[in-house]
Amino acid sequence: MPTNPTIPQATSILRAGGLVAMPTETVYGLAADATNPQAIARIFSAKGRPTDHPLIVHLATLAQLKDWANDIPTSAYKLAAAFWPGPLTMILKKQPSVLPAITGGQETVGIRIPSHPVAQALLQAFGGGLAAPSANRFTHLSPTTAAAVKEELGDKVDLILDGGDCEIGLESTIIDLSSAPAVILRPGMISQAEIETILGCPVITRRQDVPSEVRVPGMHHLHYAPTTPVRIVRTEELTANLAMAKLPIAVLSYSKITVASEAMHHVCLANNAKQYAHDLYHVLRKLDHLECLEIIIEAVPNAPEWEAVRDRLSKATRR
Ligand code: TXA
Ligand code: MG
């Protein structure tokens with residue numbers, strides 16, 4: 001792999017059907033030419049991801065949207081004006097030309113225009129759509145640094161563009177606009193309330209316990225999981241649970257607590273959803289390396305701004 005790789009190097013790898021890890025404002029993506037079936041196949045094999053799980057197509061500009069999506073509703077343009085480039089993915093009816101390997105054989109396609117300057121530079125230089133799932137192995141935590149991508153994928157990726165640590169740290173909000181009413185399939189840092197304000201009507205957030213015919217592997221309960229077992233504990237039960245736990249353990253809280261033993265590896269994150277989200281995957285990855293018996297995580301508040309964090313924490317729990 002070249003040291004200090006450049007956008008032209010990355011572009012020629014993509015044109016040759018290779019895989020490039022690109023930083024985005026949410027998490028790092030594993031990018032390939034979205035029109036090249038062999039390149040798409042390499043994404044699935046590098047991630048160890050089942051092939052019926054659809055991929056998001058990343059674009060540089062709104063002008064490209066019509067090449068990928070069909071029958072685009074006004075709501076999509078309203079949301080694009082408010083949130084693109086940025087951490088929002090829209091599910092829209094697909095153009096017939098979109099490869100079934102991208103859509104998992106469905107009639108819809110996920111589209112996002114990312115804002116990260118490196119992702120933008122790459123997309124503009126490449127000129128077409130880049131299919132890019134998060135750059136981790138299937139069910140693992142999404143990487144928020146170039147080092148985490150290397151740890152996840154090693155030599156399976158041809159080049160890693162290092163764009164520093166990701167500003168948001170959690171994956172994009174996904175909204176399905178392919179039929180009415182609009183449904184949020186994956187909460188993210190663009191909230192339901194912000195979306196409703198722009199659309200001027202209520203939208204639904206699909207709860208994980210509601211079965212659906214739409215395949216969203218992010219809904220799989222082992223998604224976004226460290227390899228160490230994770231247990232979520234309510235704030236008022238934290239002290240008692242720590243006292244009873246078999247050591248060594250890792251503890252992730254946002255309340256300022258003191259731990260009794262050196263065999264309790266404690267990290268206190270910010271009592272602020274945005275900062276907490278930014279740090280979560282990076283810290284979980286570090287705690288996972290400690291090979292503790294379990295990671296005990298203090299349940300986060302029930303307030304709407306914590307929705308995306310709550311969603312990811314519930315999926316990090318192996319049940
Ligand atoms: O922030 C993000 O969205 C990151 C960065 C790299 O852009 N990407 C990401 O991709 O999280 P991935 O593949 O790890 O998660 C994308 C989710 C999956 O759960 C997938 O099922 C869903 O988007 N998805 C993609 N296309 C879909 C479709 N046509 N219908 C329903 N869900 C779809
Ligand atoms: Mg993912």
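Just so you know, these numbers use all the heavy atoms, side chains as well, and skip hydrogens, waters and symmetry mates. Given the structure is predicted, the values throughout are model-derived calculations rather than measurements. Each ligand, and each atom within it, is numbered from 1 in the order the structure gives. Numbering of residues begins at 1 and proceeds along the displayed sequence.
Among the atoms of Thr103, none of the N or O lies under 3.5 angstrom from an N or O of ligand 1. The N/O atoms of Arg112, backbone and side chain alike, include one that comes under 3.5 Å of an N/O atom in ligand 1. Residue Glu171 has no nitrogen or oxygen atom sitting less than 3.5 Å from a nitrogen or oxygen atom of ligand 1, judged on distance alone.
A side-chain donor-acceptor contact under 3.5 Å links Glu25 to the backbone of His116. Looking only at distances, no side-chain donor or acceptor of Arg112 sits under 3.5 Å from a matching main-chain atom of Trp84.
Using a 4.0 Å cut-off to heavy atoms of Arg186, the atoms of ligand 1 that qualify are 2 (C), 3 (O), 9 (C), 11 (O), 15 (O), 16 (C), 17 (C). Here is the list of ligand 1 atoms found below 4.0 Å of a heavy atom in Arg49: 12 (P), 13 (O), 14 (O). Proximity to Gly29 (heavy-atom distance under 4.0 Å) selects the following atoms of ligand 1: 6 (C). Residue Thr108 approaches ligand 1 through these ligand atoms, each under 4.0 Å from one of its heavy atoms: 28 (C), 29 (N), 30 (N). Counting atoms of ligand 1 from 1 in the listed order, those under 4.0 Å from a heavy atom of Ser172 are 1 (O), 2 (C), 3 (O).
Applying the 6.0 Å contact sphere to CD of Glu167 captures no more than 12 heavy atoms from other residues, nucleotides or ligands.
For Ser134, the nearest N, O or S atom to the Mg ion (ligand 2) falls under 2.8 Å.
His58 approaches Leu123 most closely through the heavy-atom pair O-CD2, 3.3 Å. In terms of heavy atoms, Pro133 sits closest to Lys47 at CG-CD, 3.5 Å.
Glu152 and Arg285 are joined by a salt bridge, as a carboxylate oxygen and a charged side-chain nitrogen come within less than 4.0 angstrom of each other.
Taking a 4.0 Å cut-off on heavy atoms, His53 fails to register as neighbouring ligand 1.
In Lys93, neither the side chain nor the backbone holds a heavy atom less than 4.0 Å from any atom of ligand 1.
One finds the CZ atom of Arg186 at 13.0 Å from the CG atom of Asp176 (value rounded to the nearest 0.5 Å).
Of the listed options Ile174, Asp176, Thr26, Ile174 places a heavy atom closest to atom 22 (C) of ligand 1.
Note: Tyr276 and Trp306 have perpendicular aromatic rings, judged against thresholds of 30 and 60 degrees for the angle between ring planes.
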